[in-house]
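Single-structure report; data block below.
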Amino acid sequence: MRKKDNQFYLRSHIERSHQWLVKAADTLEEAKLLSKSGRTRLGTYNRLYYSAHHTAVALLKLIGNTSKTHQSIINQFSKEWIRNRSFPKKYGSLISELHSERDKADYGEFVPSMESDLSKKIKVVSEFYNKAKKIIPEISIVDILHLITERNPEIRDFSFDIYCPKSYYHHTRFTLWLPKGRLTNKAIENLYKGTTEALKLLKVKENLEYTIGINSRTNQYNSKQLILLDFDDISSFPAHKILGEPGYVFRTQEGYHFIGTKLYNLKDWTKRMKALIKVASKDHIELSLKRGYATVRITTSVRKPFKPVYSGKTEDKPPRKKKSSKKSPSV
């Protein structure tokens with residue numbers, strides 16, 4: 001259970017909320033791109049409505065509300081957040097208006113509103129999304145790593161690399177081991193500041209392009225590995241293709257990062273990574289196998305300004321039900 005602004009939220013509700021918040025960000029970005037193209041306002045209204053819709057669903061999921069239909073979500077958002085929690089009324093009106101405009105755009109005979117009105121609505125939907133984002137507690141990489149240690153008590157240390165994501169091959173690269181007891185958001189922040197200063201002292205020209213990545217290797221002694229994957233396709237995360245590999249998914253600007261929760265010895269880790277080469281980034285897996293461990297980015301840099309954000313998780317394969325072998329009764 002997490003507390004924010006004197007409100008307590010269940011972890012499971014926060015996780016579901018983040019899944020919808022990522023969808024809200026995606027559809028808002030699509031609306032902006034369509035609007036900038038100047039070719040169509042029809043698709044822009046569709047994407048704008050769904051961004052506002054997904055934002056409202058994210059806030060409802062946060063309090064455990066499971067409304068499903070479009071109208072019930074509009075009604076429940078007005079009740080739970082505007083009337084009960086003093087959320088600004090204009091956002092309730094916004095969702096209703098966009099729902100109507102979306103229907104006109106998708107099913108009506110005329111294009112709704114003027115282009116100037118569309119720009120205003122994009123601004124208000126952006127405000128709505130940002131306000132919801134401030135309310136929903138963040139799920140950081142540190143939170144996820146602590147969850148992984150809960151599942152795997154044998155993990156004592158995590159390793160991090162400080163590297164330049166400009167290329168898969170790096171000349172200057174730091175590796176640091178951090179005991180799980182020292183693992184905090186402040187520690188990650190200080191790690192970045194300290195290594196940036198070290199890079200300056202080493203006269204590394206592109207020091208501002210360096211970032212921190214979590215490594216698959218855990219424990220300095222008797223090391224075990226986690227599955228870390230990079231997905232270049234932003235359109236979808238192929239959760240069905242890695243079914244049976246439980247872990248956490250983070251959205252990046254270009255695609256997704258996956259951090260698994262199962263521990264493997266090096267031999268089994270190598271075998272599993274090779275099996276996933278057709279699903280995830282081939283370059284990332286091949287280089288990881290050469291290096292002997294995988295790394296995925298967890299912070300920003302000048303080159304990578306988009307901070308990876310939590311967007312969901314995958315589960316273990318459910319156990320197969322054994323077919324009952326019924327013997328025919330003896331006569």
Side-chain angles (χ1 to χ4, degrees), residues 11-12 14-23 26 139-161 165 168 180 183 212-219 222-298 308-322:
R11 185 187 295 276
S12 59
I14 297 171
E15 288 180 359
R16 293 189 189 100
S17 185
H18 272 274
Q19 293 172 21
W20 286 91
L21 199 61
V22 169
K23 293 175 73 173
D26 283 349
I139 298 178
S140 70
I141 183 64
V142 169
D143 294 326
I144 295 304
L145 295 181
H146 282 303
L147 288 175
I148 292 174
T149 60
E150 286 177 16
R151 177 182 172 121
N152 302 286
E154 64 268 41
I155 293 179
R156 298 183 63 187
D157 317 288
F158 285 102
S159 65
F160 299 85
D161 271 15
Y168 274 119
K180 63 181 178 182
L183 190 59
I212 298 177
I214 179 70
N215 293 334
S216 60
R217 290 187 300 180
T218 67
N219 298 339
N222 192 25
S223 180
K224 292 289 184 68
Q225 303 251 20
L226 298 167
I227 296 295
L228 302 188
L229 301 171
D230 183 21
F231 293 86
D232 297 327
D233 184 5
I234 202 170
S235 63
S236 64
F237 176 76
H240 62 287
K241 292 185 179 180
I242 58 170
L243 191 63
E245 193 62 56
Y248 298 94
V249 183
F250 281 78
R251 167 70 190 281
T252 68
Q253 191 168 8
E254 302 86 2
Y256 295 91
H257 287 161
F258 174 79
I259 302 176
T261 60
K262 276 186 183 178
L263 287 176
Y264 294 83
N265 59 42
L266 184 58
K267 182 179 178 181
D268 290 339
W269 176 83
T270 301
K271 183 179 179 181
R272 183 64 174 138
M273 290 290 281
K274 286 180 178 179
L276 291 165
I277 205 163
K278 293 182 180 180
V279 179
S281 167
K282 182 180 178 182
D283 289 342
H284 179 260
I285 290 180
E286 287 181 343
L287 187 61
S288 298
L289 292 171
K290 285 181 181 178
R291 193 191 300 123
Y293 66 94
T295 305
V296 293
R297 180 176 64 88
I298 62 172
V309 294
Y310 175 82
S311 62
K313 62 182 180 180
T314 59
E315 304 287 354
D316 283 306
K317 269 187 181 178
R320 289 185 178 181
K321 293 182 179 179
K322 291 184 179 180

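- Between the NE2 atom of His146 and the CD atom of Glu150 there is a distance of 9.0 Å, given to the nearest 0.5 Å.
- Rounded to the nearest 0.5 angstrom, Leu263 CG and Thr218 OG1 are separated by 5.0 Å.
- Closest approach of Ala294 and His284 over heavy atoms only: CB-CE1, 4.2 Å.
- Here the shortest heavy-atom pairing between Thr261 and Gly247 reads CG2-CA, 3.9 Å.
- At a threshold of 4.5 Å between non-hydrogen side-chain atoms, the residues His257 and Ile214 do not count as touching.
- Here the options are Val296, Ile144, Ile298, Val309, the test is side chain to side chain contact (heavy atoms under 4.5 Å, CB included), and the partner is Phe250; only Ile144 passes.
- Taking the side chain as every heavy atom from C-beta outward, Thr149 and Phe158 approach each other to under 4.5 Å.
- A pairwise comparison of heavy atoms in Pro153 and Arg151 identifies CD-O, 3.4 Å as the closest pair.
- Between the Asn219 side chain and the Glu154 main chain, a donor and an acceptor come within less than 3.5 Å of each other.
- Rounding to the nearest 0.5 angstrom, the gap separating the CD1 atom in Ile227 from the CE atom in Met273 is 5.5 Å.
- In this structure, Gln225 CD and Ser288 OG are separated by 9.5 Å, a value rounded to the nearest 0.5 Å.
- In this structure, Ile242 CD1 and Thr314 OG1 are separated by 4.5 Å, a value rounded to the nearest 0.5 Å.
- Under the ring pair (Phe, Tyr, Trp, His ring centres under 6.0 Å) criterion, Trp20 pairs with His54, not counting sequence neighbours.
- With a 4.5 Å cut-off on side-chain heavy atoms, Ile259 and Ile141 count as touching.
- The NZ atom of Lys224 sits 9.5 Å away from atom CD1 of Ile155, with the distance rounded to the nearest 0.5 Å.
- Between Phe258 and Val249, the shortest heavy-atom contact is CD1-CG2, 4.2 Å.
- Between Ser311 and Gln19, the closest heavy-atom pair is O-CG, 3.2 Å.
- Donor-acceptor pairing under 3.5 Å is recorded for the side chains of Asn215 and Ser159.
- Contact of the Phe231 side chain with the Val279 side chain is registered, since non-hydrogen atoms from C-beta on lie closer than 4.5 Å.
- Scanning all heavy atoms of the two residues, the minimum distance from Ser223 to Arg217 falls at OG-CB, 4.1 Å.
- Of the N and O atoms on the side chains of Asp143 and Tyr310, not one donor lies less than 3.5 Å from an acceptor on the other residue.
- Side chains of Ile285 and Leu289 form a contact here, defined as non-hydrogen atoms less than 4.5 Å apart.
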Side-chain atoms of residues 265-272: list all donor-acceptor pairs with protein atoms under 3.5 Å, sequence neighbours left out, distances to 0.1 Å.
residue : atom : partner : partner atom : Å
Asn265  : OD1  : Lys267  : N            : 3.2
Asn265  : OD1  : Asp268  : N            : 2.8
Asn265  : ND2  : Asp268  : OD2          : 3.4
Trp269  : NE1  : Leu226  : O            : 3.0
Thr270  : OG1  : Leu266  : O            : 2.8
Arg272  : NE   : Glu245  : OE1          : 2.7
Arg272  : NH2  : Glu245  : OE1          : 3.3

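- One N or O on the side chain of Lys262 and one on the backbone of Gly244 form a donor-acceptor pair closer than 3.5 Å.
- When side chains are defined from C-beta on, Phe160 counts as touching Leu183, because their heavy atoms get closer than 4.5 Å.
- Ile139 has its side chain within reach of Glu15: a pair of non-hydrogen atoms, C-beta onward, lies under 4.5 Å apart.
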